[in-house]
Amino acid sequence: MTGTTAQAEQHAETALERYLRFWNAATEPEQRRLAASTFTDGIEYRAEIGVLSGAQALMDFRNQFVAHVGTASLRHRERPQIHHDRARLKWEILTGDGEGTSFAMGTDVIVLDEDGRISSVTAFLDRAPEGFDPAAHH
(Lines give C-alpha, C1' and ligand atoms only; values in the text may rest on other atoms or scores of the structure.)
Protein backbone atom coordinates (compact mmCIF):
# COMPACT_ATOMS: atom_id res chain seq x y z
CA MET A 1 0.00 0.00 0.00
CA THR A 2 1.25 3.48 -0.79
CA GLY A 3 1.13 6.63 1.30
CA THR A 4 1.90 7.21 4.94
CA THR A 5 1.76 4.52 7.56
CA ALA A 6 -1.36 6.12 9.05
CA GLN A 7 -3.06 6.18 5.64
CA ALA A 8 -2.10 2.56 5.00
CA GLU A 9 -3.50 1.49 8.36
CA GLN A 10 -6.73 3.39 7.68
CA HIS A 11 -7.08 1.67 4.27
CA ALA A 12 -6.48 -1.70 5.94
CA GLU A 13 -8.98 -1.03 8.74
CA THR A 14 -11.61 0.01 6.18
CA ALA A 15 -10.95 -3.16 4.16
CA LEU A 16 -11.27 -5.31 7.28
CA GLU A 17 -14.58 -3.64 8.21
CA ARG A 18 -15.89 -4.45 4.71
CA TYR A 19 -14.54 -8.01 5.08
CA LEU A 20 -16.60 -8.56 8.25
CA ARG A 21 -19.66 -6.97 6.63
CA PHE A 22 -19.21 -9.30 3.62
CA TRP A 23 -19.30 -12.44 5.79
CA ASN A 24 -22.35 -11.08 7.64
CA ALA A 25 -24.27 -9.89 4.56
CA ALA A 26 -27.68 -11.55 4.38
CA THR A 27 -28.59 -10.94 0.75
CA GLU A 28 -26.85 -11.78 -2.51
CA PRO A 29 -26.96 -8.17 -3.82
CA GLU A 30 -25.30 -6.95 -0.59
CA GLN A 31 -22.70 -9.75 -0.80
CA ARG A 32 -21.90 -8.85 -4.43
CA ARG A 33 -21.60 -5.14 -3.65
CA LEU A 34 -19.29 -5.81 -0.71
CA ALA A 35 -17.27 -8.42 -2.61
CA ALA A 36 -16.62 -5.94 -5.44
CA SER A 37 -15.27 -3.30 -3.05
CA THR A 38 -13.50 -5.70 -0.67
CA PHE A 39 -11.72 -8.32 -2.81
CA THR A 40 -9.44 -8.30 -5.83
CA ASP A 41 -10.69 -10.24 -8.86
CA GLY A 42 -8.33 -13.11 -8.06
CA ILE A 43 -9.07 -13.37 -4.33
CA GLU A 44 -7.77 -16.64 -2.89
CA TYR A 45 -9.07 -18.04 0.40
CA ARG A 46 -7.15 -20.90 2.06
CA ALA A 47 -8.64 -22.78 5.00
CA GLU A 48 -8.82 -26.29 6.43
CA ILE A 49 -11.78 -26.96 4.13
CA GLY A 50 -9.72 -26.21 1.02
CA VAL A 51 -8.73 -23.41 -1.33
CA LEU A 52 -11.41 -21.13 -2.75
CA SER A 53 -10.77 -18.79 -5.68
CA GLY A 54 -12.88 -15.79 -6.61
CA ALA A 55 -15.58 -13.84 -4.83
CA GLN A 56 -18.35 -16.16 -6.06
CA ALA A 57 -16.66 -19.12 -4.35
CA LEU A 58 -16.55 -17.17 -1.07
CA MET A 59 -20.22 -16.19 -1.42
CA ASP A 60 -21.16 -19.82 -2.12
CA PHE A 61 -19.15 -20.99 0.91
CA ARG A 62 -20.80 -18.43 3.18
CA ASN A 63 -24.30 -19.24 1.93
CA GLN A 64 -23.78 -23.02 2.23
CA PHE A 65 -22.50 -22.52 5.77
CA VAL A 66 -25.54 -20.46 6.81
CA ALA A 67 -27.88 -22.94 5.11
CA HIS A 68 -26.30 -25.68 7.24
CA VAL A 69 -26.09 -23.93 10.66
CA GLY A 70 -28.73 -21.21 10.42
CA THR A 71 -28.17 -17.60 11.42
CA ALA A 72 -24.49 -16.84 11.98
CA SER A 73 -22.31 -13.79 12.41
CA LEU A 74 -18.56 -13.25 12.21
CA ARG A 75 -17.09 -10.86 14.77
CA HIS A 76 -13.56 -9.83 15.56
CA ARG A 77 -12.24 -10.86 18.98
CA GLU A 78 -9.81 -7.98 19.28
CA ARG A 79 -8.50 -5.08 17.24
CA PRO A 80 -6.78 -6.42 14.09
CA GLN A 81 -3.00 -6.18 13.85
CA ILE A 82 -1.76 -4.45 10.70
CA HIS A 83 1.64 -3.89 9.18
CA HIS A 84 2.74 -3.23 5.63
CA ASP A 85 0.28 -5.04 3.35
CA ARG A 86 -0.73 -7.67 5.93
CA ALA A 87 -3.34 -7.91 8.64
CA ARG A 88 -4.12 -10.49 11.28
CA LEU A 89 -7.77 -10.70 12.25
CA LYS A 90 -8.82 -12.85 15.20
CA TRP A 91 -12.48 -13.80 14.78
CA GLU A 92 -15.34 -15.74 16.30
CA ILE A 93 -18.41 -17.15 14.58
CA LEU A 94 -21.62 -16.93 16.60
CA THR A 95 -24.69 -18.92 15.62
CA GLY A 96 -28.30 -18.16 16.49
CA ASP A 97 -30.08 -14.89 17.13
CA GLY A 98 -28.88 -12.14 19.43
CA GLU A 99 -25.48 -12.79 20.96
CA GLY A 100 -25.62 -16.39 19.77
CA THR A 101 -23.57 -19.43 20.66
CA SER A 102 -19.87 -19.59 19.91
CA PHE A 103 -19.39 -21.94 16.95
CA ALA A 104 -15.67 -21.53 16.25
CA MET A 105 -12.75 -19.15 16.68
CA GLY A 106 -9.90 -18.49 14.33
CA THR A 107 -7.34 -16.14 12.89
CA ASP A 108 -7.19 -14.87 9.32
CA VAL A 109 -3.95 -13.63 7.81
CA ILE A 110 -4.98 -11.17 5.12
CA VAL A 111 -2.96 -9.67 2.25
CA LEU A 112 -4.04 -6.30 0.86
CA ASP A 113 -3.20 -4.78 -2.51
CA GLU A 114 -2.11 -1.16 -3.04
CA ASP A 115 -5.76 -0.09 -3.36
CA GLY A 116 -6.68 -1.60 0.01
CA ARG A 117 -8.55 -4.58 -1.45
CA ILE A 118 -7.98 -8.08 -0.11
CA SER A 119 -6.03 -10.37 -2.46
CA SER A 120 -5.67 -13.41 -0.21
CA VAL A 121 -6.82 -14.84 3.09
CA THR A 122 -5.28 -17.72 5.00
CA ALA A 123 -7.65 -18.89 7.74
CA PHE A 124 -6.51 -20.80 10.81
CA LEU A 125 -8.83 -22.41 13.35
CA ASP A 126 -7.97 -21.47 16.94
CA ARG A 127 -10.95 -23.44 18.24
CA ALA A 128 -12.59 -25.72 15.70
CA PRO A 129 -16.32 -26.38 15.69
CA GLU A 130 -17.42 -29.35 17.77
CA GLY A 131 -17.00 -32.55 15.78
CA PHE A 132 -14.84 -30.94 13.08
CA ASP A 133 -12.37 -33.38 11.52
CA PRO A 134 -9.67 -31.53 9.56
CA ALA A 135 -8.47 -34.81 8.02
CA ALA A 136 -11.88 -35.19 6.32
CA HIS A 137 -11.22 -32.03 4.32
CA HIS A 138 -7.85 -32.88 2.78
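Sequential numbering from 1 along the given sequence is applied to the chain's residues. Below, all heavy atoms of this structure are taken into account, side chains as well, without hydrogens, waters or symmetry copies.
Here the CD atom belonging to E92 is positioned 11.5 Å from the CZ atom belonging to F103, to the nearest 0.5 angstrom. How far CZ of R117 is from CG of L112: 11.0 Å, rounded to the nearest 0.5 Å. Atoms CD1 and NE2, on I82 and H11 in that order, are 12.0 Å from each other to the nearest 0.5 Å.
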Inset, instruction - Applying side chain to side chain donor-acceptor pair (under 3.5 Å), run through D113 and S119 and close with a yes or a no. - result: CA-CA 6 Å; D113 75 359; S119 61; over 6 Å; no
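At distances below 3.5 Å, at least one donor-acceptor pair connects side-chain atoms of R77 with backbone N or O atoms of W91.
Nearest heavy-atom pair, L34 versus A25, reported as atom, atom and distance to 0.1 Å: CD1-CB, 4.1 Å. Pairing each heavy atom of A15 with each of I118, the nearest pair is O-CD1, 4.2 Å. The heavy-atom pair separating E44 from R46 by the smallest distance is OE1-NE, 2.8 Å. Smallest separation of non-hydrogen atoms from S73 and N24: CA-OD1, 3.1 Å. A pairwise comparison of heavy atoms in A57 and S53 identifies CB-O, 3.4 Å as the closest pair.
By the 6.0 Å contact criterion, CZ on R62 is enclosed, its count of non-hydrogen atoms from other residues, nucleotides or ligands being greater than 12.
Y19 and V109 end up in different hydrophobic clusters when Ile, Leu, Val, Met, Phe, Trp and Tyr side chains are linked at under 4.5 Å. In the hydrophobic clustering of ILVMFWY residues, with side-chain heavy atoms under 4.5 Å counting as a link, I110 and I49 come out together. Note on M59: it clusters hydrophobically with W23, by side-chain heavy-atom contacts below 4.5 Å among ILVMFWY residues. Criterion: ILVMFWY side-chain heavy atoms under 4.5 Å apart, direct or through other members. Under it, I43 and V111 are not part of a common hydrophobic cluster. Side-chain heavy atoms closer than 4.5 Å link hydrophobic residues (I, L, V, M, F, W, Y) into clusters, and following such links, possibly through other members, connects L74 to V69.
Side-chain atoms of L58 and V121, non-hydrogen and from C-beta on, never get closer than 4.5 Å to each other. For the pair L125/E48, a side-chain contact is recorded, criterion being any heavy-atom separation below 4.5 Å from C-beta on. For the pair L94/S102, a side-chain contact is recorded, criterion being any heavy-atom separation below 4.5 Å from C-beta on. Looking only at side-chain heavy atoms (C-beta outward), L89 and L20 come within less than 4.5 Å of each other. Two residues are said to be in side-chain contact when any heavy atoms from C-beta on lie closer than 4.5 Å; H76 and L16 fail this criterion. Counting only heavy atoms from C-beta outward, the side chains of Q31 and F22 approach each other to under 4.5 Å.
The stretch residues 20-34 participates, sequence neighbours left out, in these salt bridge (Lys or Arg N to Asp or Glu O under 4.0 Å) pairs: E28-R32.
In this structure F61 satisfies the ring pair (Phe, Tyr, Trp, His ring centres under 6.0 Å) test with no other residue, sequence neighbours excluded. Applying the side chain to side chain donor-acceptor pair (under 3.5 Å) rule to T14 yields the partners Q10; only residues at least two apart in sequence or on another chain are considered.
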